[in-house]
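Accompanying notes for the structure given below.
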Amino acid sequence: MKGIVWFRSDLRIDDNPALNAALSNCDEVLAIYIFSQSQWEIHNESNIKQEFLFKNLTELKGSLEDLNIPLIAINADSYKTLPQDLSSFAVEQKIEHVFCNNEFGFNEAVRDQNSKELLKKNNIQFSSFNDQVIYDPGFLKTGQGKPFSVFTPFKRRWVEHFEINFLEFESPSKKLKNNSTIQSNLSALKFVKTHSANIDLWPAGESAAQEKLKNFLQSKAQFYNESRNSPILDGTSRISPYLALGILSPKRCILEGLKLNNFEFTSGNKGICKWIDEIVWREFYRNIMHSFAKVSKNQPFQDYTNSIQWRFSSEELEAFHAGKTGFPIVDAGIRQMLAEGWMHNRLRMVVAMFFTKNMLHDWRLGEKFFMQHLIDGDFSSNNGGWQWSSSTGTDSAPYFRIFNPITQSQNFDPNGEFIKKFIPELKDVPVAQIHQPKDDLFSSADYPSPILDLKESRLRAIQAFKDAREVSGI
Ligand SMILES: Cc1cc2nc3c(=O)[nH]c(=O)nc-3n(C[C@H](O)[C@H](O)[C@H](O)COP(=O)(O)OP(=O)(O)OC[C@H]3O[C@@H](n4cnc5c(N)ncnc54)[C@H](O)[C@@H]3O)c2cc1C
């Protein structure tokens, strides 16, 4: 049989169920990647992520060629035209079976359904697998048979049902005969966009990803519980870009973490338990996306928050985008993202809360800004993070619990080292003043005055939420 593996967010050989199924069932396999620039833009995905994608495809091509599988790049106009592009290619190549791993976004599910139907009309089978989660999305249910919308009970159920054989997976050992008549053609994809973030921080390929995972687990994971909130300690794994494009699988991450903790989820080393929790958070947000289609349609999880009167100020937005709000920890976080394509989790929460509460700007604008700059841009985690911070989401921060960026800065960057790293204008400011907005003590520094008053803006946000609740009769 002749088959296709359609690669999407699973750019790896290790723990790839679609690839394994194709190798088990077919004697000739082609790999394809279908790229659509316009779809990339509709989803606001960043230029650094696009460059990272192309670099990883090059690495993947090498690994696939070792198995005698050519990687063919196909350009599509959009998800609308893609099923026809896929089907025409499959018919032309006399393909009998297409294999892929599921993506859970609403548009992606429609794209796959349309592809499946069109292939079926041409007598081509379509099989899909779940590689991004341990449990099929929607499988774990509350006692009332409903989808979970709160993390803690979801995690409890996740652990209760867990069996170690869920983490059994193969990596391909079978090499096909070299009988392909078609050659890899990645040159059909060209990276033409520009960005100023440092892509060298993110070496491409599965070996690099596994090396990052190994280094983290060996030297940082045990201390993760204490160090994960400190941006200057850099105590997290930084594997999110690799998970977002599927260069590393969540199963591999959980398996390697468990090996270090005697296969315990809730006892043993607290750092490893906490780190595995974070991978489960990722799965939780994928379940939310699967079970509540509204989050894929630009809607808040909490319906009443549709009535919030968000502000809009182009000057404030401009200052925010440039990392010039006059609040050092907020600006340092934004500038880290502009410089590295990545932002520390603690700062993502601080920045998103400042944007949606103190600035009282619509979370969707912030969500888009992050997607446009993050190398790890991932719809469900980003949407989940923004909706958590803006109190519009599932399991969110209560609307009246608003982080104070100055206290956050004092707690998590006590010596101001992170601020000084990303805001060199403040390098000579004494530690006692570094967390505060600009005042007389460092008036000479070339750094903006604060765009807002923290106390007033906090009260304004609480009132806006109260008004929305009243309008909705809550
Ligand atoms: C406003 C906001 C936006 C976010 N946008 C994204 C995004 O676009 N892409 C993304 O991958 N993560 C996003 N996150 C979650 C989190 O900030 C990043 O996953 C984390 O900072 C990545 O760094 P790491 O790989 O070192 O994480 P580690 O701390 O080492 O955690 C390991 C992995 O667990 C997952 N994870 C960790 N924290 C979370 C979380 N809160 N929610 C879901 N998964 C998590 C990630 O896949 C991460 O790589 C966002 C969080 C917030 C508050």
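In listed order, ligands and their atoms are each counted from 1.
Of all the atoms in ligand 1, the ones that sit under 4.0 Å from a non-hydrogen atom of Met349 are 53 (C). Distances below 4.0 Å separate heavy atoms of Trp342 from the following atoms of ligand 1: 22 (C), 23 (O), 26 (O). Less than 4.0 angstrom separates some heavy atom of Leu243 from each of these atoms of ligand 1: 47 (O), 49 (O). Near Ser240, meaning under 4.0 Å from any of its heavy atoms, are these atoms of ligand 1: 11 (O), 22 (C), 23 (O), 25 (O), 49 (O). Taking a cut-off of under 4.0 Å to the non-hydrogen atoms of Gly377, the atoms of ligand 1 that pass are 8 (O). Set against the non-hydrogen atoms of Arg282, the atoms of ligand 1 under 4.0 Å away are 43 (C), 44 (N), 47 (O). Under a 4.0 Å criterion applied to the non-hydrogen atoms of Arg238, ligand 1 contributes the atoms 24 (P), 25 (O), 26 (O).
With values rounded to the nearest 0.5 angstrom, Glu316 atom CD is found 6.0 Å from Leu452 atom CG. Rounding to the nearest 0.5 angstrom, the gap separating the SG atom in Cys253 from the CD1 atom in Ile279 is 4.5 Å. Residue Arg348 holds its CZ atom at 13.0 Å from CZ of Arg346, rounded to the nearest 0.5 Å.
Summarising the geometry of Leu57 relative to Leu71, their closest heavy-atom pair is O-CD2, 3.7 Å, with the distance given to 0.1 Å. Nearest heavy atom pair, residue Phe327 against residue Pro405, reads CD2-CG, 4.3 Å. Between Ala293 and Phe106, the shortest heavy-atom contact is CB-CD1, 4.3 Å.
Under the ring pair (Phe, Tyr, Trp, His ring centres under 6.0 Å) rule, Trp386 has a single partner from Tyr285, Phe370, Phe301, which is Phe370. Looking at Arg12, Arg252, Lys251 one by one, the single match for salt bridge (charged side-chain N to carboxylate O under 4.0 Å, His left out) with Asp131 turns out to be Arg12. Looking at Tyr242, Trp342, Trp202 one by one, the single match for ring pair (Phe, Tyr, Trp, His ring centres under 6.0 Å) with Phe52 turns out to be Tyr242.
Between Asp378 and ligand 1, an N or O atom pair is found at a separation short of 3.5 Å. An N or O contact shorter than 3.5 Å links Trp275 to ligand 1 by distance. Polar contact with ligand 1: absent for Tyr285 (N/O pair, distance under 3.5 Å). The N/O atoms of Tyr224, backbone and side chain alike, include one that comes under 3.5 Å of an N/O atom in ligand 1. In terms of polar-atom proximity, His344 is not counted as a contact of ligand 1, lacking any N or O under 3.5 Å from an N or O of the ligand. Checking only distances, Ile239 does come within under 3.5 Å of ligand 1, N or O to N or O.
Taking the ring centre of Phe104 as origin, the terminal cationic atom of Arg286 falls outside the region bounded by 6.0 Å and 45° from the ring axis. Geometrically, Arg335 does not engage Phe422 in a cation-pi contact defined by less than 6.0 Å to the ring centre and at most 45° from the axis. The cationic atom of Arg228 (NZ for Lys, CZ for Arg) does not lie both less than 6.0 Å from the six-membered ring centre of Trp275 and within 45° of the ring axis. In this structure, Arg156 forms no cation-pi arrangement with Trp158, as its terminal cationic atom is not both closer than 6.0 Å to the ring centre and no more than 45° off the ring axis.
In terms of protein heavy-atom proximity, atom 3 (C) of ligand 1 is nearest to Asn382 OD1, 3.2 Å. Of the protein's non-hydrogen atoms, Ser237 OG, 2.5 Å is the one closest to atom 30 (O) of ligand 1. Residue, atom and distance of the protein heavy atom nearest to atom 2 (C) of ligand 1 are Gly385 CA, 3.7 Å. Atom 33 (C) of ligand 1 has Ile279 CD1, 4.0 Å as its closest protein atom, hydrogens excluded (heavy atom only). Nearest protein heavy-atom neighbour of atom 9 (N) of ligand 1: Asp376 O, 2.9 Å. Protein heavy atom closest to atom 12 (N) of ligand 1, with residue, atom name and distance, is Ser381 CB, 3.5 Å. Summary of contacts: the protein heavy atom closest to atom 14 (N) of ligand 1 is Arg348 NH1, 3.8 Å.
The residue among Asn345, Asn229, Ile276 with a heavy atom at the shortest distance from atom 20 (C) of ligand 1 is Asn345. The nearest non-hydrogen atom to atom 38 (N) of ligand 1, considering only Lys49, Glu367, Glu278, comes from Glu278.
Note on ligand 1: Tyr242 sits outside its first shell, no heavy atom being nearer than 4.0 Å.
Under 4.0 angstrom from ligand 1, the non-hydrogen atoms of Leu374 all belong to its side chain. Contact annotation for Thr236 and ligand 1: heavy atoms of both the backbone and the side chain come within less than 4.0 Å of the ligand.
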For residues 212-226, which side-chain N or O atoms pair as donor and acceptor with protein atoms under 3.5 Å away, sequence neighbours left out?
unit_1: Asn215; atom_1: ND2; unit_2: Glu211; atom_2: O; d: 3.4
unit_1: Ser219; atom_1: OG; unit_2: Asn215; atom_2: O; d: 2.7
unit_1: Lys220; atom_1: NZ; unit_2: Asp234; atom_2: O; d: 2.7

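Below 30°, between 30° and 60°, or above 60°: for Phe284 and Trp281 the angle between ring planes is above 60°, a perpendicular geometry.
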